[in-house]
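Have a look at the structure below before the remarks.
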Amino acid sequence: MKLLFEKSVPGRRSYYLSDLDVPMASLPENLCRKAPPGLPELAETDVTRHYSALESRTFGINDGFYPLGSCTMKYNPKINDSVAGLPGFAGLHPLQPIEGVQGLLEALDMADRCLSQITGMDKMTFQPAAGAHGEFTGLMLFKAYHESRGDAARKTVVVPDSAHGTNPATASMCGMKVVNLPSTADGRVDLVKLQEVVGPDTAGIMLTNPNTLGLFEQEILEITEIVHKAGGLCYYDGANLNAIAGVMRPGDMGFDCVHLNLHKTFSTPHGGGGPGCGAVGCKSFLQKYLPGPQVQKDGGRFTFDQSDESVGNILGFYGNILIVLRALAYIMAYGKDGLPLIAKHALLNANYLKHRLAERFEITNKGLCMHEFIITMEKEAKASGVTAMDMAKAIIDNGMMTPTMYFPLIVKECLMVEPTETEGKETLDEVADTYIRIYDALMADPQAAKAFPVNTVVGRPDEVAAARNPILRYTSVDS
């Protein structure tokens with residue numbers, strides 16, 4: 001497939017501007033380019049065909065099964081987009097006077113109250129742009145809290161080895177020292193080791209529950225109690241909230257702060273580099289540290305407020321508000337009775353698919369899982385050379401998106417599968433049959449595994465060479 005630059009024809013245009021009906025203005029010479037920008041010159045037909053061809057090469061949730069573990073790539077109801085696209089929302093400008101955005105502020109206030117109730121928190125902020133940004137915000141709240149109490153020595157954050165990879169990176173960005181907490185043999189937090197690592201320097205713990213192995217921390221109340229007794233705070237990574245939303249609340253488990261991936265759990269577009277929202281909720285004692293502006297209701301009017309002790313703004317204006325509106329539409333559509341069904345169906349689908357795949361694959365943890373589960377192909381890799389990567393490439397060749405590969409890091413040759421609640425039994429059976437058929441074929445001819453995918457537009461690249469010698473910019477033949 002040619003690049004737009006390769007299709008470029010000198011002098012070709014996609015538009016023509018009418019003659020000026022006002023005097024032409026000129027920029028100062030020092031602000032002018034010495035040479036025209038090197039942009040491709042194309043007709044409109046060339047441009048539209050190019051992007052349509054690119055679209056046909058991508059794989060999205062509307063194309064087929066998309067079981068990306070810990071990312072909850074589920075169907076996004078189109079009514080959410082319709083709500084976010086209403087002119088009274090989409091047509092607003094962030095610098096409009098507050099009197100002209102009362103409807104939006106009411107919607108944000110409603111989303112605040114709904115998500116606070118769902119998580120067991122007291123107040124939300126929608127400024128964080130994504131999950132890791134929410135983590136950063138949450139730890140900034142922890143830092144501000146400890147420093148306000150003259151307890152600045154608390155600079156250690158406990159992070160279990162089953163946590164998301166962004167957790168230790170976020171703690172480091174906040175100037176914290178990370179203490180890695182190894183899991184027990186059954187994949188959960190080791191209470192004995194937790195007791196050993198907490199102390200007067202503990203700022204808090206960052207925990208995902210269910211964890212990345214798809215397991216619920218059965219001793220979660222003991223975990224948060226141990227941290228609190230040591231003077232630390234408890235941060236809930238909400239990446240896996242889809243497994244428990246409406247059924248149980250992080251606030252009731254003892255967590256002081258939570259971030260939500262609205263673009264995962266609450267069904268707004270996820271992936272493709274689009275906007276996200278890592279909304280952060282906290283208990284009342286942390287509320288004054290939240291970034292602003294905070295929506296407040298004053299009689300029958302909505303206003304903004306920001307505490308003098310706020311950690312400051314972490315994004316411009318209100319955040320990615322159209323993502324919040326999509327999430328609000330989703331919550332309002334399902335309601336208090338519908339949200340728990342989402343979590344329960346997610347668990348049902350994961351356990352059904354896990355049961356079917358256990359006919360061939362080794363599942364890391366026995367018994368019931370939550371919303372996702374882990375396949376390990378370590379034995380196959382050692383015995384025949386067939387790796388998790390090989391399995392994933394073969395899955396692509398069968399018109400399905402692969403599970404998450406090689407994560408979590410504590411499981412070798414792993415595939416993390418999250419079918420979500422939006423898939424039917426017929427799809428799950430088709431997936432199980434396909435996975436088993438692929439597995440049998442690879443085991444019968446291990447050498448053939450290295451050729452996949454063979455039916456896609458782009459075959460199997462040399463990933464080592466691509467990583468070591470990336471081509472990051474277009475260079476013309478003539479240059």
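All heavy atoms count here, side chains included; hydrogens, waters and symmetry mates do not.
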Pairwise ring pair (Phe, Tyr, Trp, His ring centres under 6.0 Å) hits with a residue in residues 335-379, at least two apart | Phe361-Tyr439
Partner of Ile205 by side chain to side chain contact (heavy atoms under 4.5 Å, CB included), out of Val158, Thr156, Val157 = Val158
Any Lys/Arg nitrogen of [X] or [Y] sitting under 4.0 Å from an Asp/Glu carboxylate oxygen of the other?
X	Y	result
Arg437	Asp433	no
Lys393	Glu463	yes
Lys74	Glu421	yes

[X], [atom1] atom: more than 12 neighbouring heavy atoms under 6.0 Å:
X	atom1	result
Glu362	CD	yes
Met443	CE	yes
Glu359	CD	yes
Phe59	CZ	yes
Gln306	CD	yes

Taking only residues two or more places apart in sequence or in another chain, which ones pass salt bridge (Lys or Arg N to Asp or Glu O under 4.0 Å) with Lys229?
-> Glu225
Salt bridge (Lys or Arg N to Asp or Glu O under 4.0 Å) against Glu106, all qualifying residues, sequence neighbours excluded | none
Side chains of Tyr289 and Ser148: do they bring a donor and an acceptor to under 3.5 Å?
-> yes
Glu418 and Ser70: side chain donor to acceptor below 3.5 Å | no
Sort and list the pairs that fulfil side-chain hydrogen bond (donor to acceptor under 3.5 Å, both in side chains) and have at least one residue in residues 317-328, not counting sequence neighbours.
-> Asp81-Arg326
Identify the two heavy atoms, one from [X] and one from [Y], that lie closest to each other, and give their separation to 0.1 Å.
X	Y	result
Asn351	Leu347	ND2-O, 2.8 Å
Cys257	Gly138	SG-CA, 3.8 Å
Leu286	Leu141	CD2-O, 4.1 Å

What distance do Ser284 atom OG and Asp256 atom CG have between them, rounded to the nearest 0.5 Å?
-> 10.0 Å
In Å and rounded to the nearest 0.5 Å, what is the CG to CD1 distance from Asn211 to Ile410?
-> 7.5 Å
Sorted by chain and residue number, the side-chain contact (heavy atoms from CB on, under 4.5 Å) partners of Arg113 (sequence neighbours excluded) come out as Asp109, Met110
Who passes side chain to side chain donor-acceptor pair (under 3.5 Å) against Thr376, sequence neighbours left out?
-> none
Test item: [X] side-chain N/O and [Y] main-chain N/O as donor-acceptor pair under 3.5 Å:
X	Y	answer
Glu378	Glu413	no
Lys283	Gly120	yes
Thr268	Leu262	yes

Apply the test side-chain contact (heavy atoms from CB on, under 4.5 Å) to residues Val280 and Met124: give CA-CA distance (whole Å), side-chain angles for both, the deciding distance (0.1 Å), then the verdict.
-> CA-CA 5 Å; Val280 169; Met124 306 289 301; 5.9 Å; no
Going through the checks in order, is the side-chain contact (heavy atoms from CB on, under 4.5 Å) test met by Leu105 and Phe304?
-> CA-CA 9 Å; Leu105 298 188; Phe304 284 128; 3.5 Å; yes
